[in-house]
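What follows is a short report on a single structure.
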Amino acid sequence: MKKILITGTLSLAATMSVLTTSCGDFLEIEPLNAVVVENYWEKKSEVESVIASCYYHMQDKGFSQRVIAWGELRGDNVSDVSNMPNNKELYDYFVNNITADNSWMSWADFYNVINLCNTVLYYAPGAQAKDGNYSMEELRTHEAEVKSIRALCYFYLIRTFKKLPLVTQATIGDDEDFKVPADTEETVLQQITDDLEWAKNYIWDKRYFGDWASRKGRFNKLSVKALLTDIYLWKGDYDRAATYAKDIMDEKKAEYDALQKSEEEGSINMDAYMQGELALYNGYPLLVDAVNGNSHYSYNQNFGTGNGFESIFELQYDREVRSSNEGISFFYGPHEMGKTGWVSAADYLVSQEGGSPFDKVDKRLEENTGYDGTVTFSSYPVYKFRTLFNSDNKPYMRGTVENWIIYRLTDVMLMRAEALAYMGGEENLKEAFALVEAVNMRSCMGYKTLTYDEETVKSLVLDERQRELMFEGKRWYDLMRMVRHAEDPVKAMSKLRNTYLIRKYTSGGRDAVARMGSLDNLYLPFYQKEIDLNPLLEKDQNPAYIIY
C-alpha cells in the first residue's frame with residue numbers, strides 16, 4: 001500500500017484544519033501550512049485539528065466518488081449516459097468488465113483517512129500528557145471518535161473487497177514497512193466491532209455539541225450505534241443489529257415526546273424545533289410529508305436544510321471550503337437543470353408499463369428522478385441531493401453544496417426491519433412490516449399501499465430500502481446482503497442477475513450480468529498497482545478476476 005502521510009513533516013497538513021477548541025467551530029476548516037512533527041502534538045487543539053482533517057478528507061474526490069461508485073454503479077438504480085463508453089474505465093466498471101488494473105479499484109483515499117486516525121491514536125496520549133487543559137476524559141472521547149471514523153472506512157472497504165490489509169498502527173517514518181498481508185473479512189469485522197463497542201462507552205453524547213452541524217457531522221453515541229447496526233446486519237448477527245437499531249429509535253421517540261411536551265407547555269426550544277415538523281407514522285416519529293402545501297417537505301428538510309430530526313450522521317460540506325460534492329457532481333450532475341453526470345436514473349424506475357418499484361402516489365419517484373407522472377423523457381437525471389422543491393412543488397436546482405448523508409432514521413428503521421424479517425416469527429415479521437409501512441406511508445401521503453404477507457416481508461424490506469435510500473450509496477450492499485444471507489446463495493445470485501441487475505441496462509445487459517458469474521464477483525479485485533507495491537497481497541487476490 002502506498003501510504004504517503006507522515007514522515008519528517010506533517011505531510012497533508014496543507015489541507016488540515018486549524019481550529020479553536022469550540023465544538024461549534026470544529027468543522028470550520030481552514031488551510032494550515034506544513035509543520036514539523038516534533039513541534040506538533042503539544043496540545044488538545046492540535047489533536048482536534050487532525051481529527052477534523054479526518055472528516056475533511058472523507059470529502060476528497062477519490063473518497064466521495066468511490067462511495068457512490070462502489071455502492072451504486074453495479075446496482076440497479078442507475079443507467080449509463082450516452083457518452084459513458086468514452087470513459088473506458090468507468091464504463092468497464094459499470095458493465096462488470098472489471099480488471100485489476102482499473103483505477104476504480106484504488107483504495108488509497110480510504111487508507112489516507114485510516115492513517116490519519118492511526119496517527120491521532122499514536123500522538124494524542126503524548127499531547128494529553130503535555131497539555132494541562134487536556135483531560136483524560138477528552139482524550140478518550142477523541143480516541144473513540146477516530147476509532148469510529150476508522151471503523152467506517154474499513155467497513156466500506158471490507159464490503160467492497162472482502163479481504164484487505166488491517167492496519168492499526170500509524171505510518172510515521174520513511175523506514176516503515178509498507179508490505180502488509182491481507183486479513184480475512186472475519187478479522188477486520190471483529191476489529192471494527194470491538195473498536196466501536198469500546199467507543200460507544202467513551203464518545204461524546206451529541207448533546208455536548210453546541211450546534212447541529214457538529215451534532216450531526218461528528219461521530220457520537222447515536223451514530224456509533226448506527227454503524228454497529230449496519231455492521232451486525234452485514235455479519236448476520238440480527239439480534240444485535242435489531243437491538244442497536246431500537247436503541248436509536250427509542251432515543252428519537254424520546255426526543256419527539258420531549259418536543260411535544262414542550263410545545264404543549266408553551267416552552268418550545270426553538271433550536272430543537274428547527275429540526276423540522278414531525279408526526280407519527282404507525283407510532284414512529286418522522287418529518288411530516290407536507291407543510292403549508294409543500295408536499296416535498298420531508299425531502300427538503302433531509303436533503304436541503306440538512307441536519308434535521310431524522311439525520312444521524314452526515315458529512316458537512318461548506319461551499320467556502322469545498323466548491324462541490326465531487327461524488328454527486330461527477331456521477332449525478334452539476335447544479336444545472338437538465339444536466340446529468342456520468343449516470344442517470346435507470347429507465348425502468350419511471351416505467352408506466354409496470355415494473356417500477358414506485359406506487360403512483362409515491363413522491364419519492366419525482367424526488368429521485370424528476371418524473372412527475374406527466375412529461376416523458378428519453379432518460380431521467382438523478383434529482384436527489386441536487387434539487388429542492390419550491391412552495392408550488394416545482395423542482396429547482398439548489399445553490400448550496402450537498403451534505404452527504406451516511407445514516408438517517410429511516411435507514412435505521414429499515415435495518416431493524418431487515419433484522420427482524422430474517423429472525424422470523426410472527427411478532428418480528430409484523431413489526432418489520434409496520435416499520436416498512438411507516439416509511440412508505442410518509443412518502444405516499446398517508447396512504448397504505450402495502451399488503452402484509454409473512455412470506456414476502458424480506459422482499460418488502462429490500463424494495464422499501466431501494467425506494468427510500470435510492471442514490472445514497474446503499475443499494476449494492478443491500479443486494480449483496482440478500483445473497484450473503486440467503487438459504488441458497490447460488491439461487492440468490494441468479495435472482496440478483498436475472499431479476500435485479502438485468503433491468504437497469506438499456507443495451508448489453510446480458511453480457512454484463514453474465515460477467516457476474518460467481519459469488520466472488522460480488523466483490524472487487526485488489527488494484528494491481530497495490531499488488532506491485534505490496535506483493536504479499538497477490539496470494540489473496542480475488543479469484544474471480546485472476547487471468548490464467
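Here the structure is a predicted model, which means the values were calculated and not measured.
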| request: Check for a donor-acceptor pair, side chain of H335 on one end and backbone N or O of R398 on the other, with a separation under 3.5 Å. | output: yes
| query | What orientation do F385 and W404 show, parallel under 30°, tilted 30 to 60°, or perpendicular over 60°? | reply | parallel
| said: Tell me whether N282 contacts the main-chain N or O of A434 through its side chain, where contact means a donor paired with an acceptor under 3.5 Å. | reply: yes
| Considering only heavy atoms from C-beta outward, does the side chain of S79 approach that of S344 to under 4.5 Å? | yes
| With the threshold set at 4.0 Å, does a side-chain nitrogen-carboxylate oxygen contact exist between R481 and D478? | yes
| T456 side chain to D453 backbone, donor-acceptor under 3.5 Å | yes
| request: Examine R240 relative to Y232 and say whether NZ or CZ is less than 6.0 Å from the centre of the six-membered ring and inside a 45° cone about the ring axis. | output: yes
| request: Check whether the side chains of R503 and Y348 place a donor and an acceptor atom closer than 3.5 Å, and report yes or no. | output: yes
| message | I'd like to know if R386 and E402 make a salt bridge, using a cut-off of under 4.0 Å between side-chain N and carboxylate O. | response | no
| query | Donor-acceptor pair, Y93 side chain versus M105 backbone, under 3.5 Å? | reply | no
| said: Could you measure the distance from the OH atom of Y545 to the CG atom of D520? Nearest 0.5 Å is fine. | reply: 8.5 Å
| query | What is the distance from atom CG of L388 to atom OH of Y299, rounded to the nearest 0.5 Å? | reply | 6.0 Å
| task | Mark yes or no for whether N325, through its side chain, and V401, through its backbone, hold a donor-acceptor pair below 3.5 Å. | result | no
| said: By the definition side chain to side chain contact (heavy atoms under 4.5 Å, CB included), identify the one residue from V439, T369, D359 that meets it with R364. | reply: V439
| message | Restricting to salt bridge (charged side-chain N to carboxylate O under 4.0 Å, His left out), what partner residues turn up for K363, sequence neighbours left out? | response | none
| query | Side chain of E314, backbone of N307: donor and acceptor closer than 3.5 Å? | reply | yes
| task | Mark yes or no for whether R484, through its side chain, and M480, through its backbone, hold a donor-acceptor pair below 3.5 Å. | result | no
| query | Under 6.0 Å between ring centres, would you say that holds for F110 and W70? | reply | yes
| request: Before giving the answer on salt bridge (charged side-chain N to carboxylate O under 4.0 Å, His left out), spell out for D247 and K200 the whole-Å C-alpha distance, their side-chain angles and the decisive distance to 0.1 Å. | output: CA-CA 12 Å; D247 285 349; K200 78 177 192 296; over 6 Å; no
| message | Ignoring hydrogens and geometry beyond distance, is a side-chain donor-acceptor pair present between T374 and D372 at under 3.5 Å? | response | yes
| said: Minimum heavy-atom separation for E310 and L287, please, with both atom names. | reply: OE2-N, 2.8 Å
| Is a side-chain donor-acceptor pair under 3.5 Å present for E468 with T410? | yes
| message | Donor-acceptor pair, distance only, cut-off 3.5 Å: does the side chain of Q191 make one with the backbone of A151? | response | no
| query | Any side-chain donor paired with an acceptor under 3.5 Å for H296 and Q301? | reply | no
| field | F331/W104 aromatic ring centres below 6.0 Å | value | yes
| Less than 4.0 Å between a side-chain N and a carboxylate O, is that true for K458 and E418? | no
| Ring centers of W107, F526 separated by less than 6.0 Å | yes
| request: Identify, with sequence neighbours excluded, every residue that meets salt bridge (charged side-chain N to carboxylate O under 4.0 Å, His left out) alongside K430. | output: E426
| Does the E185 side chain pair with the main chain of K163, one donor and one acceptor, at a distance under 3.5 Å? | no
| task | Kindly indicate whether a cation-pi arrangement holds for R159 with Y477, taking the cut-offs as under 6.0 Å to the six-membered ring centre and within 45° of the axis. | result | yes
| request: Would you kindly say whether N440 and E464 are connected by a side-chain donor-acceptor distance under 3.5 Å? | output: yes
| query | If you measure only the distance, is there a donor-acceptor pair under 3.5 Å linking the side chains of Q65 and W342? | reply | no
| F358: ring pair (Phe, Tyr, Trp, His ring centres under 6.0 Å) partners, not counting sequence neighbours | none
| Between CG on residue N534 and CD1 on residue I531, distance to nearest 0.5 Å | 9.0 Å
| Any chance the side chains of R515 and N521 put a donor and an acceptor closer than 3.5 Å? | no
| Main-chain N/O of S103 paired to S106 side chain as donor or acceptor, under 3.5 Å | no
| salt bridge (charged side-chain N to carboxylate O under 4.0 Å, His left out) partners for K88, two or more places apart | D92
| query | Any Lys/Arg nitrogen of K384 or E472 sitting under 4.0 Å from an Asp/Glu carboxylate oxygen of the other? | reply | yes
| task | Give a yes/no verdict on a cation-pi contact between K504 and F94, requiring under 6.0 Å between NZ or CZ and the six-membered ring centre and an angle within 45° of the axis. | result | yes
| Can you find a side-chain donor-acceptor pair between N118 and Q169 that sits under 3.5 Å? | no
Distance-only check: which donor-acceptor pairs under 3.5 Å involve side-chain atoms of residues 80-87, not counting sequence neighbours?
{"from": "N87", "atom 1": "OD1", "to": "L90", "atom 2": "N", "distance (Å)": "3.4"}

| query | Counting only heavy atoms not in K162, do more than 12 fall under 6.0 Å of its NZ? | reply | no
| Using a distance-only test with no angle check, is there a side-chain donor-acceptor pair under 3.5 angstrom linking D230 and Y407? | yes
| message | Over 60° means perpendicular and under 30° means parallel, so tell me whether Y55 and F313 are parallel, tilted or perpendicular. | response | perpendicular
| said: If the threshold is 4.0 Å, N to carboxylate O, is there a salt bridge linking R416 and E431? | reply: yes
| said: Any non-hydrogen side-chain atom of Q190 less than 4.5 Å from a side-chain atom of E186? | reply: no
| query | Who are the ring pair (Phe, Tyr, Trp, His ring centres under 6.0 Å) partners of Y523, not counting sequence neighbours? | reply | none
| task | Find out whether the Lys NZ or Arg CZ of R408 is both under 6.0 angstrom from the six-membered ring centre of F303 and within 45° of the ring's axis. | result | no
| message | Regarding D411 and R465, does a basic nitrogen lie under 4.0 Å from an acidic carboxylate oxygen? | response | yes
| request: State whether the number of non-hydrogen atoms from other residues, nucleotides or ligands found under 6.0 Å of Y447 atom OH is greater than 12. | output: no
